[in-house]
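Structure first, then comments.
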Amino acid sequence: MANEFGTSIAIEKFAIKDLATFEKEMLDLTNDSDSAHRHDAHSFFLLESGTVDIEIDFQHYKIRPRSVIYIHPDQVHRTLTSDDVIVNTWALTNEHLNPEYLTLLEGITPAKLLLLTDETFTIISELAVIAIKLAKRKSDKLHHLILKDSCNALVALVISQYLESAKSPDKTSRFEIVTKTFKVLLERNYTTAKRPTDYAAKLNISTPYLNECVKSATGFSVSYHIQHRVILEAKRLLYHSNQSVKEIAAVLGYDDYPYFSSLFTKVTGVSALAFRNKNLG
């Protein structure tokens, strides 16, 4: 995919005996010794054949043929094992995504593995083949726009499948609507807004009502979601960056390092340093 990353858009089809080994070799070429990594772009993987065990944000997924998975740029991931893989993959940075698609992607993150029907898989796979052929036509006067539009079409098809798998909008309760809006706000503000009252104010509703909505829709309180979103980012940084725990605390909006350290232990059951050592060991 490196050939096209100069344009911040990439699309390729890989046939690889061992994807985990291939990925490690690619990381070695970039002098990155850590197999866990992030991409700058929104990445999509359509598996044609073979199996892949992948870890995304410390959750394990087994990807099987005729399935697709979307990975947000913020998400840390690594390939654990794979066998005889054929995969279509495409990626776009924010500036090349249709703004409406970008908003929808933010709403479905983190995205689950999605198994496609035979018909849908065939359509997306065939479009990927055409997009790859178009990507190779570098002499076309509008090559970049053609590449952008074809990849956005693939993104739209995948998003539509994620939306189809979710509950129909006309069946969505008021509680679920408020909860979805809260989660969008949380994603944008978790480093600065740490209290339920902050989000209730942004939504122009009372804090008790926000808690009622969120707990009814998810089973967990607003505070739970705030804390776990912050700790997820802390885990990503502990795993993916060289920043100290104190530096990570500051990045996440905590001047009180002991409080952050205590919160991390409370949420995860281990200290931040223990988490880092365990996952990098």
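Numbers here simply count residues along the sequence, with the first being 1. Values below: all heavy atoms of this structure, side chains included; hydrogens, waters and symmetry mates excluded.
Contact check on Arg229 versus Glu233 returns a salt bridge, with a Lys/Arg side-chain nitrogen under 4.0 Å from an Asp/Glu carboxylate oxygen. Glu48 has a carboxylate O that lies under 4.0 Å from a charged side-chain N of Lys13, or vice versa, which qualifies the two as a salt bridge.
Residues Leu46 and Phe121 are in side-chain contact: their nearest non-hydrogen atoms beyond the backbone lie under 4.5 Å apart. Residues Asn98 and Val155 fail the side-chain proximity criterion, which asks for heavy atoms closer than 4.5 Å. Arg236 places a side-chain heavy atom less than 4.5 Å from the side chain of Asp74. The closest side-chain heavy-atom distance from Leu232 to His228 is not below 4.5 Å. When side chains are defined from C-beta on, Ile63 does not count as touching Thr51, because their heavy atoms never get closer than 4.5 Å. Between Leu47 and Val85 the shortest side-chain heavy-atom distance falls below 4.5 Å. The closest side-chain heavy-atom distance from Lys112 to Tyr61 is below 4.5 Å. Two residues are said to be in side-chain contact when any heavy atoms from C-beta on lie closer than 4.5 Å; Leu263 and Gln227 meet this criterion.
For the side chain to side chain donor-acceptor pair (under 3.5 Å) test with Asp140, the passing option among His143, Lys136, Arg137 is Arg137; the others fail. Remark: of the listed residues Asn152, Leu102, Ile11, Asn152 is the sole one forming a side-chain contact (heavy atoms from CB on, under 4.5 Å) with Leu92. A side-chain contact (heavy atoms from CB on, under 4.5 Å) with Ile71 holds for exactly one of Ile56, Val76, Thr109; it is Ile56.
No donor-acceptor pair under 3.5 Å is formed between the side chain of Ser262 and the backbone N or O of Pro258. Between the side chain of Thr191 and the backbone N or O of Gly253 there is no donor-acceptor pair closer than 3.5 Å. Not a single donor-acceptor pair under 3.5 Å links the side chain of Ser43 to the backbone N or O of Ala91. In this structure, the side chain of Ser150 engages the main chain of Ile146 through a donor-acceptor pair within 3.5 Å. Judged by distance alone, with hydrogens and angles left aside, the side-chain atoms of Ser160 form a donor-acceptor pair with the main-chain N or O of Leu157 at under 3.5 Å. Remark: the backbone N or O of Val222 is paired with a side-chain donor or acceptor of Asn211 at under 3.5 angstrom. In this structure a side-chain-to-backbone donor-acceptor pair under 3.5 Å is missing from Asn189 to Thr192.
Shortest non-hydrogen contact noted between Leu97 and Tyr101 is CD2-CB, 4.5 Å. Here the shortest heavy-atom pairing between Leu237 and Arg276 reads O-NH2, 3.5 Å. When all heavy atoms of Ile9 and Leu147 are compared, the pair lying nearest together is CG2-CG, 3.8 Å. Of all non-hydrogen atoms in Phe175 and Glu212, the two that sit nearest each other are CZ-OE2, 3.5 Å. Closest of all the heavy-atom pairs between Leu115 and Arg66 is CD1-O, 3.4 Å. His225 and Val214 get closest at one heavy-atom pair: CD2-CG1, 3.4 Å.
No more than 12 heavy atoms of other residues, nucleotides or ligands sit less than 6.0 Å from atom CG of Asp40. Few gaps surround NZ on Lys235; more than 12 heavy atoms of other groups in view lie less than 6.0 Å from it. Residue Glu106 qualifies as enclosed at atom CD: its count of foreign heavy atoms under 6.0 Å is above 12. No more than 12 heavy-atom neighbours from other residues, nucleotides or ligands sit within 6.0 angstrom of NZ on Lys180. Sparse packing is recorded around CG of Asp255, with 12 or fewer heavy atoms of other residues, nucleotides or ligands lying under 6.0 Å away.
Here the straight-line distance linking atom OG1 of Thr179 with atom CZ of Phe220 works out to 13.0 Å at 0.5 Å rounding. Rounding to the nearest 0.5 Å places CH2 of Trp90 at 8.5 Å from SG of Cys151. With rounding to the nearest 0.5 Å, the separation of CZ in Phe44 from CD1 in Ile124 is 10.5 Å. Atom CG of residue Asp149 and atom CG of residue Leu142 lie 9.5 Å apart, to the nearest 0.5 angstrom. Atom CG of Asn88 and atom CD of Glu126 lie 11.5 Å apart (nearest 0.5 Å). With rounding to the nearest 0.5 Å, the separation of CD in Gln59 from NE2 in His77 is 15.5 Å.
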Take Val245 and Ser261 through the test side-chain contact (heavy atoms from CB on, under 4.5 Å) and record every step on the way to the result. CA-CA 8 Å; Val245 178; Ser261 184; 5.5 Å; no

With side chain to side chain donor-acceptor pair (under 3.5 Å) as the test, would you mind laying out the steps for Thr120 and Thr117 before giving the verdict? CA-CA 5 Å; Thr120 302; Thr117 64; 2.9 Å; yes

For side-chain contact (heavy atoms from CB on, under 4.5 Å), just list the numbers for Phe182 and Leu210, CA-CA rounded to whole Å, side-chain angles, deciding distance to a tenth of an Å, and then say yes or no.
CA-CA 8 Å; Phe182 157 69; Leu210 175 59; 4.1 Å; yes

Before giving the answer on side-chain contact (heavy atoms from CB on, under 4.5 Å), spell out for Ile69 and Leu114 the whole-Å C-alpha distance, their side-chain angles and the decisive distance to 0.1 Å.
CA-CA 6 Å; Ile69 194 162; Leu114 195 60; over 6 Å; no

message = What verdict does the side-chain contact (heavy atoms from CB on, under 4.5 Å) test give for Ile226 and Leu186, after you've listed the backbone C-alpha separation in whole Å, the side-chain angles of each residue and the deciding distance to 0.1 Å?
response = CA-CA 7 Å; Ile226 295 170; Leu186 176 61; 4.0 Å; yes

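Aromatic rings from Tyr239 and Phe58 are positioned such that their centres are separated by under 6.0 Å. The aromatic ring centres of His96 and His42 sit 6.0 Å or more apart.
Residues Leu134 and Val158 do not share a hydrophobic cluster, defined by chaining ILVMFWY side chains whose heavy atoms lie under 4.5 Å apart. Both Tyr259 and Val267 are part of a single hydrophobic cluster, where members link through side-chain heavy atoms under 4.5 Å apart. Note: the hydrophobic cluster containing Ile177 does not contain Val184 (ILVMFWY, side chain heavy atoms under 4.5 Å, direct or indirect links). Residues Ile248 and Val251 fall within the same hydrophobic cluster, defined by Ile, Leu, Val, Met, Phe, Trp and Tyr side chains chained together at heavy-atom separations under 4.5 Å. Residues Val270 and Leu252 are members of one and the same hydrophobic cluster, defined by side-chain heavy-atom contacts under 4.5 angstrom among Ile, Leu, Val, Met, Phe, Trp and Tyr.
Between Phe260 and Phe264, the ring-plane angle classifies as tilted under the 30° and 60° cut-offs.
In this structure, Lys194 satisfies the cation-pi test against Tyr254, with its NZ or CZ atom closer than 6.0 Å to the six-membered ring centre and inside 45 degrees of the ring normal.
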